[in-house]
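For clarity, every value in this text was computed on a predicted model and none was experimentally measured.
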Amino acid sequence: MCRPEHFAVTYVINPWMDPVAGADAGKAVGQWEALRAAYLALGHEVSLIDPIEGLPDMVFAANGALVVGGRVYGARFTHPERHAEGPAYSRWLRKNGFSEVLDAEHTNEGEGDFLTLDHVILAGTGFRTELAAHQEAQEFLGRPVVTLRLVDPRFYHLDTALFPLGGGNVAYFPGAFSPGSRAVLERLFPNAILAGERDAAVLGLNAVCDGRNVVINAEAAELIETLRAHGYAPVPVDLSELRKAGGGPKCCTLELR
């Protein structure tokens, strides 16, 4: 995770961002601290990367890399405002024991568009990550990669529209995907939990599940109740300030496998 000390909304690279409205960095820090505390209370280990001035979106650690089996597929950002984040995360990972790091040739935004299940990686495209990056990641990581096309600009990363539940299942919002990708999801995950547009529109799918506990935006009320009915333990958090830049719990969380 990366503390949002320099968080701000000063440019527009997704539909959530409004520089005129801006954002309150102090409030964002408080909400982020509560998210970190929730992970620690669940027994998870949280490592921190130092924030860099001039990189207001560095708080969204999920975009910084994809880490699977101790190997790191580095991020290569679409927008110039975020270009420096990829190398910063790769440097941190190299310094902290990850020796197999690939500097990507193709545009990709880490776990924003790559979500890892037990035996497959789901990969988003349509707005940020190139199809060629899906192939590059598969070759480097040795895991099958399934391409999913995003079609709604509000859900510009895969992790805004879908999250793994563990045990080979997922939750997702069908309206974020192309017809062909919806058919793929239906075939792969016939028992998936489906979210409605109301919950998706507050980034309720930008959640983190450890197999039982689901750290999720508190506003996603219906999805929270659905998860509870399916035996999961929702952990609601308020990240409304960070959502002004298009981020939620998952965006703030790079999982180190």
Drop me the distance from Glu81's CD to Leu55's CG, to the nearest 0.5 angstrom. 11.0 Å
Do Phe177 and Leu162 pass the side-chain contact (heavy atoms from CB on, under 4.5 Å) test, and can you show the C-alpha distance, the side-chain angles, and the key distance before you say yes or no? CA-CA 10 Å; Phe177 298 92; Leu162 180 152; 4.2 Å; yes
Same apolar cluster (I L V M F W Y, side chains within < 4.5 Å links), Tyr73/Phe98: no
Tell me if a side-chain donor or acceptor on Trp92 pairs with a main-chain N or O of Leu48 at a distance below 3.5 Å. yes
Go through the steps to decide whether Leu242 and Cys251 satisfy the test side-chain contact (heavy atoms from CB on, under 4.5 Å), and finish with yes or no. CA-CA 9 Å; Leu242 290 163; Cys251 284; over 6 Å; no
Flag side-chain contact, heavy atom, 4.5 Å: Arg149 against Leu131: yes
Between Asp50 and Cys2, is there a donor-acceptor pair closer than 3.5 Å when you use the side chain of the first and the backbone of the second? no
Would a 4.5 Å heavy-atom cut-off, applied to side chains only, mark Thr125 and Leu148 as touching? no
Sidechain-backbone polar pair: Ser181 side chain, Ser178 backbone, donor-acceptor under 3.5 Å: no
How many angstroms lie between atom CD of Glu219 and atom CG of Leu239, to the nearest 0.5 angstrom? 8.5 Å
Of all the heavy-atom pairs spanning Pro51 and His6, show the shortest one and how long it is. CB-CD2, 3.9 Å
Cluster check Phe173, Phe163: I/L/V/M/F/W/Y, side chain < 4.5 angstrom: yes
Using modelled atom types only, decide if a donor and an acceptor are shared between the side chain of Asn63 and the backbone of Gly110 within a distance under 3.5 Å. no
Flag the pair Arg243 and Glu241 as a salt bridge only when some basic side-chain nitrogen lies within less than 4.0 angstrom of an acidic carboxylate oxygen. no
Between Thr78 and Glu109: side-chain donor-acceptor atoms closer than 3.5 Å: yes
Short side-chain to backbone donor-acceptor contact, Asn169 and Asn191, under 3.5 Å: yes
List the steps, then state whether side-chain contact (heavy atoms from CB on, under 4.5 Å) holds for Leu185 with Tyr172. CA-CA 9 Å; Leu185 287 167; Tyr172 68 96; 3.8 Å; yes
Is it true that Thr226 and Tyr232 share a donor-acceptor pair across their side chains at a distance under 3.5 Å? no
Do the side chains of Thr116 and Leu66 get nearer than 4.5 Å, heavy atoms only? yes
Can you name the nearest heavy-atom pair linking Phe77 to Ala75, along with the distance? CE1-CB, 3.9 Å
Decide yes or no for Ile193 and His230: does some side-chain heavy atom of the first lie under 4.5 Å from some side-chain heavy atom of the second? yes
List the atom of Trp32, the atom of Pro4, and the distance in Å for their closest heavy-atom pair. CG-CD, 3.4 Å
Please examine the side chains of Ile216 and Val237, heavy atoms only from C-beta on, and report whether any two atoms are closer than 4.5 Å. no
Quick check: His134 with Phe114 (ring centres under 6.0 Å apart)? yes
Begin with the C-alpha distance, continue with both residues' side-chain angles, and end with the deciding distance and a verdict on side-chain contact (heavy atoms from CB on, under 4.5 Å) for His106 and Thr129. CA-CA 8 Å; His106 299 287; Thr129 296; over 6 Å; no
Any donor-acceptor pair under 3.5 Å linking the side chain of Lys250 with the backbone of Thr253? yes
Derivation and outcome, salt bridge (Lys or Arg N to Asp or Glu O under 4.0 Å), residues Glu100 and Arg94: CA-CA 8 Å; Glu100 294 184 85; Arg94 285 188 173 101; over 6 Å; no
Rounded to the nearest 0.5 angstrom, the OG1-CD distance for Thr147 and Gln138 is 8.5 Å
Below 4.5 Å, heavy atoms only, C-beta onward: do Phe189 and Leu117 meet side chain to side chain? yes
Under 3.5 Å, is there a donor-acceptor pair between the side chain of Asp113 and the main chain of Leu158? yes
With Arg3 as reference, evaluate Met58, Glu33, Arg36 under the side chain to side chain contact (heavy atoms under 4.5 Å, CB included) test and give the passing residue. Glu33
Give, for atom CE of Met17 and atom CD1 of Ile13, the distance between the pair rounded to the nearest 0.5 Å. 5.0 Å
When rounded to the nearest 0.5 angstrom, what is the spacing between CG in Leu115 and CG in Leu122? 6.5 Å
What closest approach, in Å, do Ala133 and Thr107 show between heavy atoms, and which atom pair accounts for it? CB-O, 3.5 Å
Ignoring hydrogens and angles, tell me if any N or O in the side chain of Asn217 forms a donor-acceptor pair with the backbone of Leu203 under 3.5 Å. yes
Side chains of Pro249 and Leu35 in contact at under 4.5 Å (non-hydrogen atoms): yes
Quick one: which of Phe155, Phe127, Tyr156 gives a side chain to side chain contact (heavy atoms under 4.5 Å, CB included) with Asn14? Tyr156
Please confirm whether Arg71 makes a cation-pi placement over Phe140, using NZ or CZ under 6.0 Å from the six-membered ring centre and within 45° of the ring normal. yes
Nearest heavy-atom neighbours spanning Asp57 and Ala245: OD1-CB, 4.0 Å
Here the gap from Cys209 atom SG to Leu165 atom CG, rounded to the nearest 0.5 Å, amounts to 5.0 Å
Closest heavy-atom pair and its distance - Val67, Leu256: CG2-CD2, 4.0 Å
Any side-chain heavy-atom pair from Val12 and Pro19 closer than 4.5 angstrom? yes
Could you tell me whether a side-chain N or O of Arg143 sits under 3.5 Å from a main-chain N or O of Ile121, the two making a donor and an acceptor? no
Identify whether the distance between the nearest side-chain nitrogen and carboxylate oxygen of Glu85 and Arg76 falls below 4.0 Å. no
Using side chain to side chain donor-acceptor pair (under 3.5 Å), reason through Ser240 and Gln31 one step at a time and then give a plain yes or no. CA-CA 8 Å; Ser240 55; Gln31 292 180 349; 3.1 Å; yes
Would you kindly confirm whether Met1 and Ile49 end up in one hydrophobic cluster when ILVMFWY residues are joined by side chain heavy atoms under 4.5 Å apart? no
Verify same cluster id: Val145, Leu141 (apolar side-chain graph, 4.5 Å): yes
Under 3.5 Å donor-acceptor, Glu136 side chain and Glu105 backbone: yes
Are the charged groups of Glu111 and Arg257 less than 4.0 angstrom apart, N to O? yes
Tyr39-Val235 co-clustered via ILVMFWY side chain contacts under 4.5 Å: yes
